[in-house]
Structure formats: C-alpha cells, structure tokens
Asks: 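Next up is a structure, given as structure tokens.
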Amino acid sequence: EKQEPGKFKGKPFCMRDYSYAFNSVRVPLPGKDALVSYPRSTHVIVLVAGHIYHLEVYNHETGEIRSVQEFFNVLTAMKEQALSSNRSGTPPQGMGSLTCGERNQWAAARAELLTHSMKNNLNLRYVEEAICALTLDVDASPKPQSGDMVKCLLGGAHTKPHPVSD
C-alpha cells in the first residue's frame with residue numbers, strides 16, 4: 001500500500017524534518033518554543049489510563065535492547081497497575097492539562113512547576129527526554145492521514161491530558 005507524503009501548507013516534509021519526530025521536545029518559552037533534541041535518550045514514556053511511566057529500552061545489565069517478551073511483560077504490568085490504581089480510587093496526579101493551554105501560560109506554569117520540587121524536575125525530564133511516547137489507551141489510536149505528523153512537529157495537538165504518575 002502506498003502512502004502519500006506528509007505535507008504542511010501544501011508542501012511535502014523534508015526528510016530532515018522527521019529527525020525531530022523522536023528524541024525531541026518543544027519546550028515552551030515566552031513568545032516562542034525551543035526545539036531541544038536528546039539523541040542519547042534510552043527510554044520511552046508509556047501513557048496508560050491517565051498515568052505516565054518510564055520504560056528503559058535497553059537492558060542495562062547486558063547492554064542489549066530488551067526482548068519482545070520483556071517489553072510485553074513490562075507493558076502489561078504497567079497497564080494492569082494503572083487500571084488497578086484507577087479502580088481503587090487513586091486518581092492519577094500530574095500536570096498534563098497545562099500542556100494544552102496557550103504557550104505563554106504553559107511556559108509560566110512549567111517554570112513554576114519546576115520550582116516546587118526535585119521530583120517535578122525529574123518527572124518532567126523523563127517526559128521531555130524520552131525517545132517517544134507510547135500510549136496504551138484504547139481510544140488513542142491515530143487515524144490514517146489525520147495529520148498527526150504535522151501536529152507532532154508543528155503543534156496544535158490538543159489532546160486529552162496525561163498526568164505524570166509516581
């Protein structure tokens with residue numbers, strides 16, 4: 001099956017644009033975002049049922065990429081933990097809804113969030129430095145030709161919030 005190239009304002013993306021699809025984040029600053037890349041990143045974040053988890057891609061004992069079975073086991077455990085936590089009445093905590101706001105408001109809120117605790121700094125660093133985000137939520141599947149790549153690279157992806165869990 002042949003797929004049409006991603007486009008913005010009628011022009012196809014250059015392959016260089018795709019280098020920012022992974023290991024990169026748009027950090028909100030007053031007036032303009034900063035595009036920051038983390039080429040040595042070794043983890044992904046996993047979004048499930050309102051929680052965010054950190055998952056190392058490599059087995060640090062062997063230096064090898066985790067096996068498919070290891071990924072399956074860890075992802076299954078994350079999903080079960082998130083769903084169990086939500087069923088027990090422990091709601092996820094976090095700041096995800098702030099990212100859907102206007103840039104200058106989000107930039108100010110992000111700066112304030114970072115002043116409150118080292119844990120906030122660590123959690124935000126895990127999210128921003130991730131290779132990518134993997135969502136296990138059933139209702140989060142992208143639609144073909146939906147412009148998701150444009151949203152990822154250029155913004156405007158106003159999706160539901162995903163708070164950071166402990």
Side-chain angles (χ1 to χ4, degrees), residues 3-48 51-68 70-71 74-75 78 94-137 140-166:
Q3 180 118 8
E4 291 292 318
K7 294 181 180 181
F8 179 67
K9 295 185 178 180
K11 294 183 180 182
F13 277 113
C14 170
M15 287 306 295
R16 187 171 147 225
D17 296 330
Y18 286 95
S19 67
Y20 295 106
F22 298 99
N23 303 68
S24 299
V25 64
R26 290 177 40 201
V27 176
L29 298 172
K32 184 178 181 182
D33 293 342
L35 186 58
V36 182
S37 294
Y38 298 95
R40 295 180 187 216
S41 197
T42 62
H43 71 279
V44 298
I45 55 170
V46 180
L47 312 170
V48 57
H51 298 267
I52 297 179
Y53 295 92
H54 171 268
L55 173 60
E56 285 294 328
V57 173
Y58 293 93
N59 177 325
H60 287 291
E61 292 175 13
T62 65
E64 300 290 323
I65 294 177
R66 290 178 184 261
S67 70
V68 171
E70 284 179 286
F71 277 116
V74 172
L75 293 171
M78 288 175 176
M95 53 74 183
S97 61
L98 296 173
T99 65
C100 294
E102 187 271 330
R103 175 189 23 273
N104 291 340
Q105 292 172 345
W106 166 221
R110 179 183 179 278
E112 183 178 336
L113 179 72
L114 292 173
T115 66
H116 286 279
S117 74
M118 287 305 296
K119 187 171 185 172
N120 286 350
N121 280 276
L122 180 64
N123 285 339
L124 192 56
R125 196 176 87 218
Y126 280 142
V127 171
E128 291 182 346
E129 294 180 8
I131 295 168
C132 66
L134 170 66
T135 185
L136 300 182
D137 292 340
S141 299
K143 308 293 182 274
Q145 295 296 318
S146 66
D148 288 337
M149 190 65 194
V150 171
K151 290 177 187 175
C152 288
L153 292 172
L154 302 174
H158 296 287
T159 59
K160 68 180 182 177
H162 295 285
V164 175
S165 61
D166 294 334

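Please read these numbers as outputs of a predicted model, since none were measured by experiment.
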Asks: Compare all side-chain heavy atoms of I131 with those of Y38 and state whether any distance is below 4.5 angstrom.
Replies: no
Asks: Taking all non-hydrogen atoms of both residues, which atom of N104 and which atom of P30 are closest, and how far apart?
Replies: OD1-CA, 3.2 Å
Asks: Can you tell me how far the NZ atom of K119 sits from the CG atom of N121, to the nearest 0.5 Å?
Replies: 12.5 Å
Asks: So L55 and L75, do their side chains get closer than 4.5 Å, heavy atoms only?
Replies: yes
Asks: Nearest 0.5 Å please: distance from the CG atom of L136 over to the CE atom of M78.
Replies: 8.5 Å
Asks: For H43, which residues count as a side-chain hydrogen bond (donor to acceptor under 3.5 Å, both in side chains) partner, sequence neighbours excluded?
Replies: none
Asks: I45 and Y126: which non-hydrogen atoms are nearest, and at how many Å?
Replies: CG2-O, 3.6 Å
Asks: So, applying side-chain contact (heavy atoms from CB on, under 4.5 Å) with T135, which one of V46, L47, I52 is it?
Replies: L47
Asks: Any heavy-atom pair between the side chains of V36 and E128 that's under 4.5 Å?
Replies: no
Asks: Tell me the salt bridge (charged side-chain N to carboxylate O under 4.0 Å, His left out) pairs involving residues 31-48, sequence neighbours left out?
Replies: R26-D33, D33-R103
Asks: Do the side chain of N59 and the main chain of R66 share a donor and acceptor less than 3.5 angstrom apart?
Replies: no
Asks: Looking at S37, is its backbone amide N or carbonyl O close enough to the side chain of N23 to form a donor-acceptor pair, meaning the two atoms are under 3.5 Å apart?
Replies: no
Asks: Taking all non-hydrogen atoms of both residues, which atom of N120 and which atom of L113 are closest, and how far apart?
Replies: ND2-O, 3.0 Å
Asks: For E56, which residues count as a side-chain hydrogen bond (donor to acceptor under 3.5 Å, both in side chains) partner, sequence neighbours excluded?
Replies: T42, H54, H60
Asks: Surrounding CZ of F22 (heavy atoms of other residues, nucleotides or ligands, distance under 6.0 Å), is the total greater than 12?
Replies: no
Asks: Identify the two heavy atoms, one from S24 and one from L35, that lie closest to each other, and give their separation to 0.1 Å.
Replies: CB-CD1, 4.4 Å
